Number of protein chains: 2
Amino acid sequence: MASTTRRPSTAAAGRRAAAEARTLDVVERLLAEGASFTELSVERIAAEAGLSRSTFYLYFRDKTELILRLAASLKSGIFQVGVEWRADGIADGLEGLAEAYLQIIRHYRRRPATYAAVLEVAGYDRTVRDALQAGQQRFIDRIAGRLAREQRAGRTSPDFDPERAAQVMAWGGEQVIARHVIDTEDDLEEDTRIANELAAAHWHGTYRRPSST
Amino acid sequence: MASTTRRPSTAAAGRRAAAEARTLDVVERLLAEGASFTELSVERIAAEAGLSRSTFYLYFRDKTELILRLAASLKSGIFQVGVEWRADGIADGLEGLAEAYLQIIRHYRRRPATYAAVLEVAGYDRTVRDALQAGQQRFIDRIAGRLAREQRAGRTSPDFDPERAAQVMAWGGEQVIARHVIDTEDDLEEDTRIANELAAAHWHGTYRRPSST
DNA sequence: GCTGCGCTGGACATAGTGTCCAACTCTTTG
DNA sequence: CAAAGAGTTGGACACTATGTCCAGCGCAGC
């Protein structure tokens, strides 16, 4: 039996990829329609995506994989905002910070239900929580680096630990943005106000904190 | 049949109250031992509390009632801290704020697993989420009042909305404290550092934010 | 010592998860 | 074009939960 096995069909691979994408879309749609991820059954998801439940389990290890993939796609693109802002010079300062926060808010605004679902599952699933935390750590590192530079340049108080301050801003800021986006209707003006408030609080509270002397 | 019914026994009422308290204690113990509330079954809880599952459902409407009662007992006492701090004059200023935050952290430190469980359930149960939110709103109102006074006295920038600023601090601050308490071991020094950092960020970022003129 | 309250154990209906497999269909390939 | 393997399906299974219901037991109170 030389090579009795047949090469995996590329057409099939394509169909499968399409089915997976369709499944993820379906989940996002159902979430947007008000379902909570927890109460969404695999039965329902598979049916709406046009697959049998068995096939669902061929494509995804379990329900958690769905949310992990949604989380990944939700977060991709966000980090870019941080990069742009951090490129000292272009749009730096308080205005730049506010603009960056606004961009993050607008990013999540496109898929608030998905964001809510990811946070919901993170509450009881370690895998998801760890994935989120890893992504957030990259942010914290960048902010800490920037704060250290500000301190060296004498532009903010030297009396705090950059890592801890970055952590406080990241944790708090993410929560503020999450609750705002999830709990309120889409409204560019209000988003701008929240972005400005958060930026001002962080700017004067940390990036330009007066020395205690 | 005049009064065939017997007066409800006070002894029984006492036993029942004791059993309920025991049940809540058991849940907290199991949570502290590492269980997540979601994966804790009523079967298990009832058994450990020495009741039958049927009796559990006589005492508690459902699992959610457990977490609601734990949330209430966890939150009671916290508000007091805010009151003390807000009594302008005694331990006011940055040091007072840091002290208040430290007290809040130390409060949650006594029952971190319970705190984690409450937040976990809040992620997917509207009842619990609403209960938490209601409590937080009281905080926000107080802080907003204080900020408005600071603005009138010219001690902080008049260019922000006190309500929104209070919301940002409360949402962010609560998250910072929650993650710190839940994710790290009990350590008074580190707790103090986080309390100081949070206080400084809020103080300079909001309570004493420079005017943008 | 009667009697009814409080509690129990166990059964039930319901609903979900994840696994497994025989059978079917569709696609590739010789 | 037809054989055969790849891909998919439906349905059954074993589990684990939740919340409801009820007959009956034993102890407390009269």
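Computed from a predicted model, the values in this text were never measured in an experiment. Protein chains get the first letters and strands the later ones, always in sequence-line order, with residue 1 at the start of each.
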field: Residue pair B:Ala195 / B:Ala98: nearest heavy atoms and the distance that separates them
entry: CB-O, 3.7 Å

message: Below the 4.0 Å mark, does D:dT9 have OP1 or OP2 next to a side-chain nitrogen or oxygen of A:Ser54?
response: no

message: I'd like to know if B:Arg164 pairs up with A:Glu190 as an ion pair, taking the criterion as any Lys NZ or Arg NE/NH1/NH2 lying under 4.0 Å from an Asp or Glu carboxylate oxygen.
response: yes

message: What I want to find out is whether A:Arg193 reaches B:Asp161 closely enough, with some N-O distance under 4.0 Å, to be called a salt bridge.
response: no

Under 4.0 angstrom between B:Tyr59 side-chain N/O and C:dG6 OP1 or OP2: no

- request: Would you mind checking if A:Arg209 and B:Glu197 are paired as a salt bridge, meaning a charged N to carboxylate O distance below 4.0 Å?
  value: yes

Taking only N/O atoms, report every protein-nucleotides 13-15 of chain C pair under 3.5 Å with atom names and distance.
none

task: Give a yes or no answer on whether the side chain of A:Lys75 reaches the backbone of A:Gln136 with a donor-acceptor pair at less than 3.5 Å.
output: no

message: I need the single residue from A:Leu40, A:Val42, A:Leu24, A:Val26 that forms a side chain to side chain contact (heavy atoms under 4.5 Å, CB included) with A:Leu66. Which is it?
response: A:Leu24

- line: note: B:Arg16, atom CZ; D:dC27, atom P; distance rounded to Å ~ 21 Å

- request: Quickly work out the A:Phe56 CZ to D:dG10 P distance and round it to whole Å.
  value: 16 Å

Between the protein and nucleotides 13-18 of chain D, which nitrogen or oxygen pairs come in under 3.5 angstrom?
residue : atom : partner : partner atom : Å
D:dT18  : OP1  : B:Val42 : N            : 3.1

query: Of the non-hydrogen atoms in B:Ala144 and B:Ala166, which two are nearest, and what is the gap between them?
result: N-CB, 3.6 Å

query: Side-chain N or O of B:Ser52 less than 4.0 angstrom from OP1 or OP2 on C:dT8?
result: yes

task: Using only side-chain N and O atoms of A:Arg15, determine if any of them is under 4.0 Å from OP1 or OP2 of D:dT8.
output: yes

- request: Would you mind checking if B:Asp186 and B:Arg106 are paired as a salt bridge, meaning a charged N to carboxylate O distance below 4.0 Å?
  value: yes

- prompt: Rounded to the Å, how far apart are B:Leu58 CG and C:dC5 C1'?
  reply: 12 Å

